[in-house]
Chemist: 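First, the structure itself, so that you have it in front of you.
Excluded from the calculations below are hydrogen atoms, water molecules and symmetry mates; all remaining heavy atoms, backbone and side chain alike, are included. Position 1 is the first residue of the sequence, and the numbers go up from there. Being a predicted model, the structure only gives us computed values, none of them experimental.
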Amino acid sequence: MNLINLSSSLPGGVRALRRISMAKYVASMCIALMCVALNSCIPSYKLNGSAINYDIYKTIDITDFPIRAALVYPPLQQTFENKLLDNVTRQTRLQEVDGNADLEMTGEITGYSLSPQSVGTDAYATETRLTITVRVKYTDTKNPANDVDQSFSAYRQFSSSLMLTDVQDDLCNEICDELVDLIFNATLGNW
């Protein structure tokens, strides 16, 4: 059956089909415009917290962070140091130098520990917490009032049914990311 036959068999058939099609088109356009309008109205901010006066501060010296914890996971030192240096490089315009810098960051990894958490009905832990602690000494050679000497800790929990060796790399990466953010906010972000 074609449209001509449809229009003759139904009174106003073609017009009714056109109205329905037009109504669907208008409705879909309204929905699309509302989605675009709503997405464009949502503010999005990316604040790195750094408001360093680059006329005064041009260089930073970030030294090694040796592991001084009772438990030692050797890749942790390199992972942490790389993430800290990458974060400072990405979020500031400071030049990283060895010695004689406007800002200095030294420290050590003082804690790497496992502790049982949630206890199940069988009296065994169902989760284990990995905690990493880093002590940071931040020195502002231009303004000693900004100096920081503080320890920072972060942790992640994992199922006790998993072996630490299976999840250790991922957990250390996540914890180091959090530690670096905490350290950055307390030192370079605290302006």
Side-chain angles (χ1 to χ4, degrees), residues 44-52 57 59-94 96-99 101-141 143-191:
S44 175
Y45 300 103
K46 181 173 171 144
L47 303 175
N48 64 15
S50 176
I52 298 170
Y57 300 99
T59 58
I60 187 168
D61 180 16
I62 300 175
T63 63
D64 291 343
F65 280 73
I67 299 174
R68 304 274 190 245
L71 288 176
V72 175
Y73 177 57
L76 176 61
Q77 179 180 351
Q78 193 67 44
T79 299
F80 175 77
E81 290 171 357
N82 287 344
K83 287 182 178 288
L84 181 60
L85 186 58
D86 287 348
N87 194 327
V88 170
T89 303
R90 195 174 51 252
Q91 294 195 39
T92 71
R93 294 183 298 176
L94 295 170
E96 209 280 324
V97 297
D98 288 330
D102 300 324
L103 302 168
E104 298 170 357
M105 199 176 295
T106 62
E108 57 193 2
I109 299 169
T110 58
Y112 185 86
S113 62
L114 295 168
S115 58
Q117 295 302 305
S118 308
V119 178
T121 56
D122 57 0
Y124 288 104
T126 58
E127 287 190 326
T128 303
R129 177 180 289 180
L130 172 62
T131 304
I132 299 175
T133 305
V134 178
R135 180 174 174 257
V136 175
K137 184 175 181 189
Y138 171 79
T139 306
D140 182 338
T141 61
N143 184 3
N146 292 331
D147 289 358
V148 173
D149 190 350
Q150 184 178 343
S151 288
F152 300 88
S153 290
Y155 66 86
R156 291 291 182 276
Q157 292 184 186
F158 63 97
S159 172
S160 294
S161 65
L162 299 172
M163 296 292 296
L164 176 62
T165 54
D166 294 337
V167 295
Q168 191 165 252
D169 287 335
D170 291 337
L171 294 174
C172 285
N173 276 314
E174 291 174 19
I175 294 170
C176 285
D177 285 338
E178 184 176 340
L179 285 169
V180 165
D181 285 343
L182 291 170
I183 292 165
F184 185 89
N185 290 336
T187 56
L188 297 167
N190 190 23
W191 289 78

Chemist: To check you understand the geometry: which heavy-atom pair defines the closest contact between Tyr112 and Ile132, and what is its length?
Modeler: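 In terms of heavy atoms, the two residues are closest at CD1-CG1, 3.8 Å.
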
Chemist: Taking atom CG of Leu130 and atom CD of Glu174, what is their separation to the nearest 0.5 Å?
Modeler: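 So the gap between those two atoms works out to 10.5 Å.
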
Chemist: State, with a plain yes or no, whether a side-chain heavy atom of Thr92 is found less than 4.5 Å away from one of Tyr57.
Modeler: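 They are not in contact (no side-chain heavy atoms under 4.5 Å apart), so the answer is no.
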
Chemist: Using modelled atom types and a 3.5 Å cut-off, is there a donor and acceptor pairing between side-chain atoms of Thr128 and backbone atoms of Phe158?
Modeler: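 Side chain of Thr128 to backbone of Phe158, a donor-acceptor pair under 3.5 Å: no, none is there.
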
Chemist: I would like to know whether Asn87 and Asp181 meet side chain to side chain contact (heavy atoms under 4.5 Å, CB included); could you show each step before the answer?
Modeler: CA-CA 8 Å; Asn87 194 327; Asp181 285 343; 3.4 Å; yes

Chemist: Would you confirm whether Ser118, through its side chain, and Glu127, through its main-chain N or O, come within 3.5 Å as a donor-acceptor pair?
Modeler: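 Looks like no, no N/O pair under 3.5 Å.
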
Chemist: For Thr89, does its backbone N or O pair with a side-chain atom of Glu96 as donor and acceptor, under 3.5 Å?
Modeler: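 Looks like no, no N/O pair under 3.5 Å.
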
Chemist: I'd like to know if the side chain of Asp61 and the backbone of Glu104 have a donor-acceptor N/O pair within less than 3.5 Å.
Modeler: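 No, because the side chain of Asp61 does not come within donor-acceptor range (under 3.5 Å) of the backbone of Glu104.
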
Chemist: Taking 4.0 angstrom as the limit, do Asp147 and Lys137 come out as a salt bridge?
Modeler: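 Salt bridge between Asp147 and Lys137, a charged N being under 4.0 Å from a carboxylate O: no.
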
Chemist: Which atom pair, heavy atoms only, marks the closest approach of Thr131 to Ser153?
Modeler: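 Shortest heavy-atom separation between Thr131 and Ser153 comes out as CG2-CB, 4.5 Å.
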
Chemist: Indicate the atoms forming the closest heavy-atom contact of Gly107 with Thr63, along with that distance.
Modeler: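 Gly107 and Thr63 have their closest heavy atoms at N-OG1, 4.3 Å.
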
Chemist: Quick one: pull up CD1 in Ile62 and CG in Asp64 and give me the separation to the nearest 0.5 Å.
Modeler: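 Answer for the CD1-CG pair, Ile62 versus Asp64, is 11.0 Å.
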
Chemist: When rounded to the nearest 0.5 angstrom, what is the spacing between SG in Cys172 and CG in Leu164?
Modeler: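 The SG atom of Cys172 sits 7.5 Å away from the CG atom of Leu164.
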
Chemist: Within the 4.5 Å heavy-atom criterion, are Leu171 and Tyr155 side-chain neighbours or not?
Modeler: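 The answer is no, as the side chains (C-beta and beyond) never meet within the 4.5 Å cut-off.
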
Chemist: Measure the shortest side-chain to side-chain distance between Met105 and Thr187 over non-hydrogen atoms and say whether it is less than 4.5 angstrom.
Modeler: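 Touching, per the 4.5 Å side-chain cut-off.
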
Chemist: Would you check, one step at a time, whether the test side chain to side chain contact (heavy atoms under 4.5 Å, CB included) holds for Phe80 with Val180?
Modeler: CA-CA 8 Å; Phe80 175 77; Val180 165; 4.1 Å; yes

Chemist: How many angstroms lie between atom CG of Asp102 and atom OG1 of Thr141, to the nearest 0.5 angstrom?
Modeler: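 Result: 5.0 Å between the selected atoms.
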
Chemist: Given the rule in the side chain to side chain contact (heavy atoms under 4.5 Å, CB included) test, do Ile183 and Tyr138 qualify, once you have shown the distances and angles that lead to the verdict?
Modeler: CA-CA 9 Å; Ile183 292 165; Tyr138 171 79; over 6 Å; no

Chemist: Which atom pairs, one a donor and one an acceptor, fall under 3.5 Å between side chains of residues 66-77 and the rest of the protein, sequence neighbours left out?
Modeler:
from: Arg68; atom 1: NE; to: Glu108; atom 2: OE1; distance (Å): 3.4
from: Tyr73; atom 1: OH; to: Asp169; atom 2: OD1; distance (Å): 2.1
from: Gln77; atom 1: NE2; to: Glu81; atom 2: OE2; distance (Å): 3.0

Chemist: Quick check: do Phe184 and Leu84 have side-chain heavy atoms less than 4.5 Å from each other?
Modeler: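 Heavy-atom side-chain distance check fails, nothing below 4.5 Å.
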
Chemist: Hey, what do you get for CD1 (Ile60) to CG (Asp140), rounding to the nearest 0.5 Å?
Modeler: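 The CD1 atom of Ile60 sits 10.0 Å away from the CG atom of Asp140.
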
Chemist: For Thr79 and Asn173, work out which heavy atoms get closest and say how close.
Modeler: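 Where Thr79 meets Asn173 most closely, the heavy atoms are CG2-OD1, 3.4 Å.
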
Chemist: For the residue pair Thr133 and Thr110, confirm or rule out a side-chain donor-acceptor distance under 3.5 Å.
Modeler: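 No, because no side-chain N or O of Thr133 sits under 3.5 Å from a partner of the opposite role on Thr110.
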
Chemist: Just so I know, are the side chains of Val148 and Val136 near enough to count as touching, which here means a heavy-atom distance under 4.5 Å?
Modeler: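 No, side chains not in contact.
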
Chemist: Please answer whether the main-chain N or O of Gly120 pairs with a side-chain N or O of Thr126 as donor and acceptor at a distance below 3.5 Å.
Modeler: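 No.
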
Chemist: How long is the span from the CG atom in Asp149 to the OG1 atom in Thr106, to the nearest 0.5 Å?
Modeler: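 Going from the CG atom of Asp149 to the OG1 atom of Thr106 covers 8.0 Å.
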
